[in-house]
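Note that these values count all heavy atoms, side chains included, but never hydrogens, waters or copies made by symmetry. As the structure lists them, so they are numbered: ligands from 1, and atoms in each ligand from 1. For the single chain, residues carry numbers from 1 onward in sequence order.
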Amino acid sequence: MTLQESASLNTSGISLPTAGAQVLRNAPSSSLSDVDPSQLTITLAATQKKLPDPETLVFGEVMTDHMLYMDFAPERGWSPPEIKPYGPLSLDPACSCFQYCPSVFEGMKAYLGPDGVPRLFRPKLNMERMARSAERVALPAFDADALLTLIKRLVAIESRWIPRARGCSLYIRPTLIGTRPSLGVSASTHAALYVILSPTGPYIRDPNGKGLSLLAMSDQIRAWPGGTGGFKLGLNYAAGFPAQRVAAALGYQQLLWILGETIAEAGAMNVFAVFERPDGELDVVTPPLDGTILPGVTRDSVLALLSHRPPKAVLPLLPADVRIHTAERPLTMSELLAASAAGTLREVFCVGTAAVVIPAARIGWRRPRPGENTGTEMEVVDIVLPLAGGSGSLAQALWQRLVDIQEGRVEWEGWGVPCGASDA
Ligand SMILES: *Cc1c(COP(=O)(O)O)cnc(C)c1O
């Protein structure tokens, strides 16, 4: 990579010469070793953990028996990868990931279909996004194809952990952290890359089963132009936790992130709104990738499925004559409120690897009370979505079709990538 290329990584087109220079210094050159699957060593756990009951699975709490691990040192490049028993890391307390947060993660899943073959869903997109995230915080580059080969191997070894029930899967969490043992405020020269796995159920907990309640607050911001919202970085999340508590205290399950009154994302999911035209045709709108939005694999997949012609062949459960128009354009709270009042707002739904597609049932907008000058008096205006994932909803059709593709019941454009023993 040239300095020019690495200096313009950000999707919003903001140039970052200092970070770019650090990326250049850290990238493995020909004299350093890159990630090399042929050097993999495997040490199996002496005992296997008992598998959890899929009914009681809470997202991200149970880990499998093994993990993939490798690390980067500036004089040698990437270490030979290891698959070894899951366990704690030993890190110097001064490591940069604990201080300045060079920390990147990915979220993907392995699914088990009726044929018993574990499958990944469009995993190259996750690997490419992880490489972009690493560049954004000046962490060392790695061969994304080689990492995918190693992840397939790990999943094949851990396949007994993939729950068989429909909609259940094995969540995969690749993680890359800066491990430079120094308090100096600069790019990490050292890094660790590991992948851990956690069996997971079908949904984010949705107690009433009727869709999520979301709260939009203009005084808490997740991402801004020129910032890091378009990358999967650890530093994007902790600052949202207090706002999550406010939402929970007001009786909402997730945050709807807005900038001003422009809608960005919902929790750690991308968001779509469905409007009905006077002639019954549907406009399906999602905010554009302007640098504040995480470019979700599920978002991309939903847009591709909805844009396909003819749509009936793609989506089950929908009326034969439904006509859908997709758009990536800014979406505002006022627009939702007005469409809701006019009866043309049919659905809002959230999409991401964890939940796949989950409808919103209610959206609260916490905003200054009109006519209130100081802006300290707040009111919450509620938008209620009657369809909320019910029959005939796009949310339900998309969930079913995506899960069918992910679990290998439906073949679609090579999106399902098997990781059988032959890949090992
Ligand atoms: C991971 C994530 C998403 C969803 O991305 P997928 O690739 O579909 O899982 C959306 N928004 C944020 C902020 C995320 O972290």
Side-chain angles (χ1 to χ4, degrees), residues 11-12 59-60 101 103-111 120-134 136-137 144 148 151 167 169-176 195 197-198 200 202-204 212 214 216 220-224 227-241 243-244 247 254-259 262-273 286-306 328 331 348-358 360 395 398-399 401-403 405-406 415-417:
T11 54
S12 59
F59 177 76
C101 220
S103 164
V104 167
F105 69 96
E106 264 306 321
M108 50 207 286
K109 282 175 169 177
Y111 308 83
L120 303 176
F121 181 69
R122 309 185 75 191
K124 267 184 175 301
L125 296 183
N126 295 93
M127 297 295 100
E128 288 161 10
R129 187 169 68 189
M130 188 169 179
R132 290 196 304 272
S133 298
R136 183 64 180 86
V137 287
L148 181 53
I151 289 175
S169 55
L170 185 62
Y171 185 79
I172 305 171
R173 174 52 65 92
T175 310
L176 172 61
V195 181
L197 309 174
S198 173
T200 173
Y203 282 112
I204 287 178
L212 292 174
L214 306 173
Q220 298 276 340
I221 294 166
R222 186 192 98 88
W224 45 89
T228 56
F231 302 88
K232 233 168 161 70
L233 303 176
L235 55 81
N236 285 334
Y237 299 84
F241 297 158
Q244 254 175 27
Q254 287 279 340
L255 291 160
L256 182 62
W257 293 111
I258 55 178
L259 185 60
T262 304
I263 295 167
E265 304 200 47
M269 293 177 282
N270 294 115
V271 63
F272 286 78
T286 193
L289 300 178
D290 62 357
T292 69
I293 311 277
L294 198 285
V297 175
T298 322
R299 175 189 181 279
D300 185 80
S301 306
V302 164
L303 283 172
L305 288 176
L306 292 179
E328 296 173 74
L331 194 59
V348 172
F349 56 84
C350 313
V351 309
T353 296
V356 189
V357 181
I358 190 161
L398 285 163
W399 184 84
R401 184 45 34 109
L402 281 167
V403 170
I405 297 170
Q406 288 165 340
W415 284 3
V417 176

Numbered atoms of ligand 1 (with element) below 4.0 Å of [X], judged on heavy atoms:
{"X": "Tyr237", "result": "13 (C), 14 (C), 15 (O)"}
{"X": "Met269", "result": "10 (C), 11 (N)"}
{"X": "Gly296", "result": "5 (O), 6 (P), 7 (O), 8 (O)"}
{"X": "Thr353", "result": "6 (P), 7 (O), 8 (O), 9 (O)"}
{"X": "Arg222", "result": "13 (C)"}
{"X": "Glu265", "result": "10 (C), 11 (N), 12 (C), 13 (C)"}
{"X": "Thr298", "result": "6 (P), 8 (O)"}

Are any non-hydrogen side-chain atoms of Ser301 and Leu402 less than 4.5 angstrom apart?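 Ser301 reaches Leu402 side chain to side chain.
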Any non-hydrogen side-chain atom of Phe349 less than 4.5 Å from a side-chain atom of Leu398? yes
Are the side chain of [X] and the backbone N or O of [Y] linked by a donor-acceptor pair below 3.5 Å?
{"X": "Arg136", "Y": "Thr228", "answer": "no"}
{"X": "Asn236", "Y": "Phe231", "answer": "yes"}
{"X": "Gln254", "Y": "Leu212", "answer": "no"}
{"X": "Arg122", "Y": "Gly416", "answer": "no"}

Taking distance alone, with no angle check, do Gly107 and ligand 1 share an N/O pair under 3.5 Å?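 In this structure, Gly107 places no N or O atom under 3.5 Å from an N or O of ligand 1.
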Could you tell me whether Leu294 approaches ligand 1 through its side chain, its backbone, both or neither, with non-hydrogen atoms closer than 4.0 Å? side chain
Between Lys232 and ligand 1, find which residue part has any heavy-atom pair under 4.0 Å and reply side chain, backbone, both or neither.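 Lys232 to ligand 1: side-chain contact only, backbone stays beyond 4.0 Å.
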Measuring from non-hydrogen atoms of Arg129 to any atom of ligand 1, is the shortest distance under 4.0 Å?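 Checking ligand 1 against Arg129, which is what was asked, there is a heavy-atom contact under 4.0 Å.
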Identify, for atom 3 (C) of ligand 1, the protein heavy atom at the shortest distance, and state residue, atom and that distance.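 Heavy-atom neighbour on the protein nearest atom 3 (C) of ligand 1: Ala268 O, 3.3 Å.
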State which residue, out of Val297, Thr286, Val351, fulfils the side-chain contact (heavy atoms from CB on, under 4.5 Å) condition with Val302.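 Going through the options one by one, the only one that passes is Val351.
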Looking at Thr353, Asn126, Thr175, which one forms a side chain to side chain donor-acceptor pair (under 3.5 Å) with Glu106?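 It is Asn126; the other options fail the test.
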